[in-house]
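Everything numeric in this text was worked out from a predicted model, so none of it was measured. Heavy atoms only: backbone and side chains are in, while hydrogens, waters and symmetry mates are out.
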There are 2 protein chains.
Amino acid sequence: MQSDHLSLTFSALADPTRRAILQRLSQGQASVGELTAPFAISMPAISRHLKVLEHAGLVVRSRNAQWRPVQLNATPLAEVVHWVESYRRHWEGAFERMDAYLAELQKGDSDAKQ
Amino acid sequence: MQSDHLSLTFSALADPTRRAILQRLSQGQASVGELTAPFAISMPAISRHLKVLEHAGLVVRSRNAQWRPVQLNATPLAEVVHWVESYRRHWEGAFERMDAYLAELQKGDSDAKQ
DNA sequence: TTGTTATTTAACAGGTACGTTAAATGCAGT
DNA sequence: ACTGCATTTAACGTACCTGTTAAATAACAA
């Protein structure tokens, strides 16, 4: 496992089950049982996923009797957005080039038809 | 390895060597040898990292004599930003609560001093 | 053809990820 | 203390990740 924070966050997000858990939590806190229900995997497996998310700082846990409610903490995602945003000009550049290319294609098309 | 695109992208980004490669490529295309130089790992290892990045669509490769130039393709990052942005209100909410908390602390502080 | 350079593939090792089932823990109620 | 419920930990298997070195491949140059 990586120790730098960004790697930790990205690898936590790299699993679709964990992203689904975050999505569920974006609607409010939930118990481990509630989080397990929608999936076809065992509760221990979900418990491990929660440990990964907690270690990445993406969820926080508390205690309420025998329940361990899980709550979303989205703050590490700000770091992700910051990192990704530094590449924005590159993907926007690529989209523009694609647009120009498609426009050129279309132009060539209508030229051909005339 | 995950097959859904977002998982593929996130796990490609979860490695600091691969992120460093992307950063280098944001300044222009490079050969495998050039990409290997700054790191303390072997060229086959870099070659494998490039395969992962290519599989995630984050780089594209071409051929020029015996060189295989690598070029950044940032378009998959648009998908990442889109996913992460849907959580923006959550982390901004958290920051606001933190600000309010700090303001409250400071207020309590100056009250105490008077 | 032969040699040189750039890169990839093969074969291997060690560590990590993710799932399972069974046992342990923690808390509440009787 | 005993029972029941929610959750975690333990033990295990399988597969994947990341690195290594040595061999294979591809393109050029003589």
Self-check item: Any residue of residues 25-44 of chain B with a heavy atom less than 4.0 Å from an atom of DNA chain D
Solution: B:A40, B:I41, B:S42, B:P44
Quiz item: Should B:S47 be listed as having a side-chain N or O under 4.0 Å from OP1 or OP2 of C:dT8?
Solution: yes
Exercise. Look at the side-chain N and O atoms of A:K51 and state whether any lies under 4.0 Å from the OP1 or OP2 oxygen of D:dT7.
Key: no
Calculate the interatomic distance between [X] atom [atom1] and [N] atom [atom2]; express it in whole Å.
| X | N | atom1 | atom2 | value |
| --- | --- | --- | --- | --- |
| B:I46 | D:dT18 | CD1 | C1' | 11 Å |
| B:W67 | C:dA6 | CH2 | P | 6 Å |
| B:R61 | C:dT7 | CZ | C1' | 8 Å |
| B:Q66 | D:dA27 | CD | P | 10 Å |
| A:H49 | C:dT16 | NE2 | C1' | 14 Å |
| B:I21 | D:dT18 | CD1 | P | 11 Å |
| B:L8 | D:dC16 | CG | C1' | 14 Å |
| B:N64 | D:dA26 | CG | P | 17 Å |

Exercise. Examine the side chains of A:R89 and B:S26 and answer whether a donor and an acceptor come within less than 3.5 Å of each other.
Key: no
Exercise. Could you pick out which residue, A:R68 or A:R48, lies toward the 5' side of DNA chain D when each is mapped onto its nearest nucleotide?
Key: A:R68
Quiz item: How would you label the contact of B:R63 with the nucleic acid (heavy atoms, under 4.0 Å): base, sugar-phosphate, or nothing?
Solution: sugar-phosphate
Quiz prompt | For the student: nearest non-hydrogen atoms of B:M43 and B:G33, plus distance | solution = CE-CA, 3.6 Å
Quiz item: Shortest non-hydrogen contact from A:Q29 to A:P69?
Solution: NE2-CB, 3.7 Å
Quiz prompt | Under the ring-ring contact (aromatic ring centres under 6.0 Å, His included) test, residues paired with A:W83 that sit two or more places apart | solution = A:F10, A:Y87
Exercise. Verify the cluster assignment for A:F39 and A:L25: are they in a single hydrophobic cluster under the rule of side-chain heavy atoms below 4.5 Å apart?
Key: yes
Exercise. Identify whether the distance between the nearest side-chain nitrogen and carboxylate oxygen of B:K51 and B:E54 falls below 4.0 Å.
Key: no
Quiz item: Given side chains that start at C-beta, do those of B:L8 and B:D4 come closer than 4.5 Å, heavy atoms only?
Solution: no
